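This report refers to the structure that appears directly beneath it.
Chain identifiers are assigned alphabetically (A, B, ...) following the order of the sequence lines, protein sequences preceding nucleic acid strands; residue numbering begins at 1 within each chain. Computed from a prediction, not measured in an experiment: that's the story for all the values here.
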2 protein chains.
Amino acid sequence: MNNATELDVCEKQCLHQDRIERVRGAMLDDRAAEGLAEIFGLLGDRTRVLILHALSQGELCVCDISAVLGATSSAVSHQLRLLRTAKLVKARKEGKNVFYTLDDEHVRQLFAQGLEHVLER
Amino acid sequence: MNNATELDVCEKQCLHQDRIERVRGAMLDDRAAEGLAEIFGLLGDRTRVLILHALSQGELCVCDISAVLGATSSAVSHQLRLLRTAKLVKARKEGKNVFYTLDDEHVRQLFAQGLEHVLER
DNA sequence: CAAACAAGTGAGCACATGTTCATATGAATA
DNA sequence: TATTCATATGAACATGTGCTCACTTGTTTG
């Protein structure tokens, strides 16, 4: 009766009870799973990919980004809010402009690794 | 008239023309952007995160996975199809069972790196 | 101060996505 | 062969998501 091993252990006789127990014990806790899904989900959109890639080359303001992508600044702003909230980018205000940069080296690395994966097939 | 630098270069006088040109030149091509978004999007779902993490600990059949997650095997099967199509997992048939494993070391690395990112805040 | 402008935001809409349910397929077994 | 079971799949439905449009905010500049 230790580790939630008998709650909904399905009625099916699908074998591998040992594996199930083992994997269950090492299962990702829900916070981590949600967190991972959130980060990856944020990276999982064409527009945001392009924004992040653009920012990986240096600081840009909203207007620049929308010009580069050929998107409306409203759309870009909406996306930037998501990225900002998730701390993937950070903002610096200067007069009328707000300049964005990648928030953290992790993002850059994740991005680079994903790119490597994509290019390799 | 080289690199799509004057098509829709917005009428706004938002400055930074130099940066825009530079970033545009180095912009991710559409295939890469789509590919990246697809991979990351696939990782961007709680259920699939849990599936992949379970598989990172070894081979499991659909039934095992659904037992571990507490999800229906139908739901799991649907997700596995997506992961299989994107070559993130691969399947091995043995009798009535189909055993799944991570397809490639990249996935494991991406996953690990994402996890690191999440745990570090 | 008023006009111009960059950026942010809420509502609404079209479309994507994850789940369930019913059913199909295909292999093992009685 | 008929049944049982693991897996797969299509349709339907509910929810999530990204965009546009209209508008607001806040800053610069005429």
Please work out which of the three classes, parallel, tilted or perpendicular, describes the rings of Phe111(A) and His53(A), given edges at 30° and 60°.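 Parallel, since the angle between the ring planes stays under 30°.
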So if you build clusters from Ile, Leu, Val, Met, Phe, Trp, Tyr with side-chain heavy-atom gaps below 4.5 Å, do Val62(B) and Phe99(B) land together?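 Different clusters: Val62(B) never reaches Phe99(B) through Ile, Leu, Val, Met, Phe, Trp or Tyr contacts under 4.5 Å.
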Once you round it to whole Å, what is the distance between [atom2] of [N] and [atom1] of [X]?
X        : N       : atom1 : atom2 : value
Asn97(A) : dT29(D) : CG    : C1'   : 14 Å
Phe99(A) : dA6(C)  : CZ    : C1'   : 11 Å
Asp64(A) : dA7(C)  : CG    : P     : 8 Å
Glu34(A) : dG18(C) : CD    : C1'   : 13 Å
Ile51(B) : dT7(D)  : CD1   : C1'   : 14 Å
Leu83(A) : dA7(C)  : CG    : C1'   : 15 Å
Leu80(A) : dA6(C)  : CG    : P     : 16 Å

Which residues satisfy the side-chain contact (heavy atoms from CB on, under 4.5 Å) test with [X], sequence neighbours excluded?
X        : result
Lys90(A) : Thr101(A), Asp103(A)
Val98(B) : Ala91(B), Lys93(B), Tyr100(B)
Val23(A) : Ala54(B), Gln57(B), Leu60(B), Val68(B)

Among pairs that include at least one residue of residues 67-83 of chain A, which meet salt bridge (Lys or Arg N to Asp or Glu O under 4.0 Å), considering only residues two or more places apart or in two chains?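 Every pair satisfying salt bridge (Lys or Arg N to Asp or Glu O under 4.0 Å) with a residue in residues 67-83 of chain A: there are none.
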Only pairs at least two apart or in different chains count here, so list each salt bridge (Lys or Arg N to Asp or Glu O under 4.0 Å) that has a residue in residues 44-65 of chain A.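 Every pair satisfying salt bridge (Lys or Arg N to Asp or Glu O under 4.0 Å) with a residue in residues 44-65 of chain A: Arg46(A)-Asp30(B), Glu59(A)-Arg92(A).
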Which residues pass the side chain to side chain donor-acceptor pair (under 3.5 Å) test with Arg108(A), sequence neighbours left out?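 Side chain to side chain donor-acceptor pair (under 3.5 Å) list for Arg108(A), sorted by chain: Glu105(A).
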Between the protein and nucleotides 25-27 of chain C, are there any N/O to N/O pairs under 3.5 Å, and if so, what are the atom names and distances?
none

For nucleotides 15-20 of chain D, give me one character per nucleotide, 5' to 3': B if any protein heavy atom sits under 4.0 Å from the base, S if the only such contacts are to the sugar-phosphate, - if neither. ---SSB
Result block: side-chain N/O donor-acceptor pairs under 3.5 angstrom for residues 31-43 of chain A, not counting sequence neighbours:
none

Give one of base, sugar-phosphate or nothing for Tyr100(B), where a contact means two heavy atoms less than 4.0 Å apart.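 Here Tyr100(B) touches the backbone only, sparing every base.
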If you only use heavy atoms from C-beta on, which nucleotide in dA7(C), dT9(C), dA6(D) is closest to the side chain of Cys61(A)?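 Taking heavy atoms from C-beta onward, the closest nucleotide is dA7(C).
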